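Some notes on the structure that comes next.
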Amino acid sequence: MRMAYLVLAHDNAAQLRLLIERLLVSGNEDIAIIHADRASLLWPELEGELPGPSGRVHLIPDPVTVRWGHWSQVAAVTKLVCEGLRLGCDAAHLISGADWPLLPRADLAQEMAKGLCHIEVRPGHLEERMQTYRFDTRYLRLDPQEDARAYALTWQLRRLARWGDTARRLLHLDRARPFGPWSYGATWWSLPADALQTLGEILPCTLASGRLNGTVCSDEHVIPTIIGTHFPGRLAPNRRFVDFPEGASSPRTLSRADTPALEASGAFFARKFDMGLDSFFLDLPRT
């Protein structure tokens, strides 16, 4: 079982190095592929020196600048998927640089050998994010104090978008659903090779079509919809530990107090961690 760890990262090179070292233990052929945000300081740092064992860590040579909620997230994932297929693997895990494994490698490989698609798929949930059109998707997390003018402009762009959506509905011109009704799921997943191959065939065409333009958080819809449509009988729980405070758009940073819950979860990976705040997770998984 050769597993590929597809890593989306943008900062914290020291923690990323420890993550790669923990994932790529000796005695197997697993690989790690890193997409470092082109606009980050991490990207030029990794160009100079990669973490982990030589020959088993690969850096996407032409990364994209990733914006929260923007289709650029799907573009980054697509690059990781295609590189994983080029290098070859039996299973792949999409993780962030702030993730950490909770299962020993042997247990993880045993689970992935079952050929199930560990991904969240919730049909119809938040489908309007894919069926409306937004003009402000490049500016979804502006600070109104630091970017007051641009922040004010986004509200005008949203008003224009609502007018356009109203006109589209009146004319019965719904946006295309190329894979059927949209599903929702968390960005992160663990998939067998044939599911990864399906993504590699579909995602580049979907990006090239422009269908993701004007959508919000398409990374939480496109892949869950594709996998849910093509592998409905092989869906399995997305075994990730994450804690979103009520109303928050990002998960909280986990601490030592979460250790019992993490160890009892049975999750493959958890997020998010910051060793600058609490390095307790570096001892996980404990055998």
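Keep in mind that what you see is a predicted model, and the values were worked out from it rather than measured.
- A salt bridge links Arg105 and Asp30; the closest N-O separation between the charged side-chain nitrogens and carboxylate oxygens is under 4.0 Å.
- The minimum heavy-atom distance between Leu102 and Ala270, with the atom names listed, is CD1-CB, 3.7 Å.
- Taking all atoms of both residues into account, the shortest heavy-atom contact from Ile34 to Ala9 is CG2-CB, 4.5 Å.
- At a threshold of 4.5 Å between non-hydrogen side-chain atoms, the residues Tyr5 and Leu19 do not count as touching.
- Ring centroid separation for the pair Phe281 and Trp100 comes in under the 6.0 Å cut-off.
- Not one N or O on the side chain of Arg129 forms a donor-acceptor pair closer than 3.5 Å with the backbone of His221.
- Tracing side-chain contacts under 4.5 Å through hydrophobic residues (I, L, V, M, F, W, Y), one reaches Val121 starting from Phe179; they form part of the same cluster.
- Separation of atoms CD (Gln73) and CD1 (Ile223) is listed at 9.5 Å; rounding is to 0.5 Å.
- Side-chain contact between Arg22 and Pro101 is present, with heavy atoms from C-beta onward closer than 4.5 Å.
- Between Cys89 and Leu196, some side-chain heavy-atom pair lies under the 4.5 Å cut-off.
- Taking the side chain as every heavy atom from C-beta outward, Ser255 and Asp258 approach each other to under 4.5 Å.
- Within the structure, every pair that satisfies the side-chain hydrogen bond (donor to acceptor under 3.5 Å, both in side chains) test and touches residues 187-196, not counting sequence neighbours, is listed here: His93-Ser190, Thr187-Asp219, Ser190-Arg240, Asp194-Arg234.
- A search for salt bridge (Lys or Arg N to Asp or Glu O under 4.0 Å) contacts involving Lys272 returns nothing, not counting sequence neighbours.
- In this structure Asp90 satisfies the salt bridge (Lys or Arg N to Asp or Glu O under 4.0 Å) test with no other residue, sequence neighbours excluded.
- Considering every non-hydrogen atom in both His58 and Gly55, the closest pair reads NE2-O, 3.5 Å.
- With salt bridges taken as basic N to acidic carboxylate O contacts below 4.0 Å, none links Glu29 and Arg56.
- Between atom CG of residue Leu16 and atom CD of residue Glu21 there is a gap of 10.0 Å, rounded to the nearest 0.5 Å.
- Proximity of Met1 to Met112: side-chain heavy atoms (C-beta onward) are separated by under 4.5 Å at one or more points.
- Arg239 contributes no side-chain N or O that, together with a main-chain N or O of Phe269, makes up a donor-acceptor pair within less than 3.5 Å.
- No continuous path of hydrophobic side-chain contacts links Val242 to Leu254 [ILVMFWY only; heavy atoms under 4.5 Å].
- Here the side chains of Asn213 and Trp71 are in contact, with some heavy-atom distance below 4.5 Å.
- Looking at Thr259 and Phe280, their side chains come closer than 4.5 Å, going by heavy atoms from C-beta outward.
- Through direct or relayed side-chain contacts under 4.5 Å between Ile, Leu, Val, Met, Phe, Trp and Tyr, Tyr184 connects to Leu126.
- Surrounding CD of Glu47 are more than 12 heavy atoms belonging to other residues, nucleotides or ligands, all under 6.0 Å away.
- Every residue meeting the side chain to side chain contact (heavy atoms under 4.5 Å, CB included) condition with Ala236, not counting sequence neighbours, appears here in chain and number order: Leu116, His118.
- The side chain to side chain contact (heavy atoms under 4.5 Å, CB included) with Val57 is formed by just one residue from the set Leu23, Ile20, Ile33, Leu46; it is Ile20.
- With hydrogens and angles disregarded, a donor-acceptor distance shorter than 3.5 Å links the side chain of Asn28 to the backbone of Val25.
- Note that OG of Ser183 and CD1 of Ile226 are 11.0 Å apart. Values are rounded to the nearest 0.5 Å.
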Distance-only criterion, 3.5 Å: show the donor-acceptor pairs between side-chain atoms of residues 35-43 and protein atoms not counting sequence neighbours.
residue: His35; atom: NE2; partner: Val64; partner atom: N; Å: 3.1
residue: Asp37; atom: OD1; partner: Ala39; partner atom: N; Å: 2.9
residue: Asp37; atom: OD1; partner: Val66; partner atom: N; Å: 3.4
residue: Asp37; atom: OD2; partner: Val66; partner atom: N; Å: 3.3
residue: Arg38; atom: NE; partner: Pro63; partner atom: O; Å: 2.8
residue: Ser40; atom: OG; partner: Asp37; partner atom: O; Å: 2.6
residue: Ser40; atom: OG; partner: Leu42; partner atom: N; Å: 3.4
residue: Ser40; atom: OG; partner: Trp43; partner atom: N; Å: 3.4

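- Ion pairing of Arg122 with Glu120 is present here, as a side-chain N (NZ or NE/NH1/NH2) and a carboxylate O approach within less than 4.0 Å.
- Using a 4.5 Å cut-off between side-chain heavy atoms of Ile, Leu, Val, Met, Phe, Trp and Tyr, with links allowed through other members, Phe268 and Leu282 fall into the same hydrophobic cluster.
- Following chains of ILVMFWY side-chain contacts shorter than 4.5 Å, one can reach Leu87 starting from Leu8, so the two form part of one hydrophobic cluster.
- Put simply, the side chain of Thr215 reaches to within 4.5 Å of the side chain of Arg175, judged on heavy atoms.
- Glu201 contributes atom CD, which lies 4.5 Å from atom CD of Gln197 (distance to the nearest 0.5 angstrom).
- Interatomic distance, Arg252 CZ to Asp243 CG, rounded to the nearest 0.5 Å: 4.0 Å.
- Note that the CG atom of Leu6 and the CG atom of Leu191 stand 9.0 Å from one another [nearest 0.5 Å].
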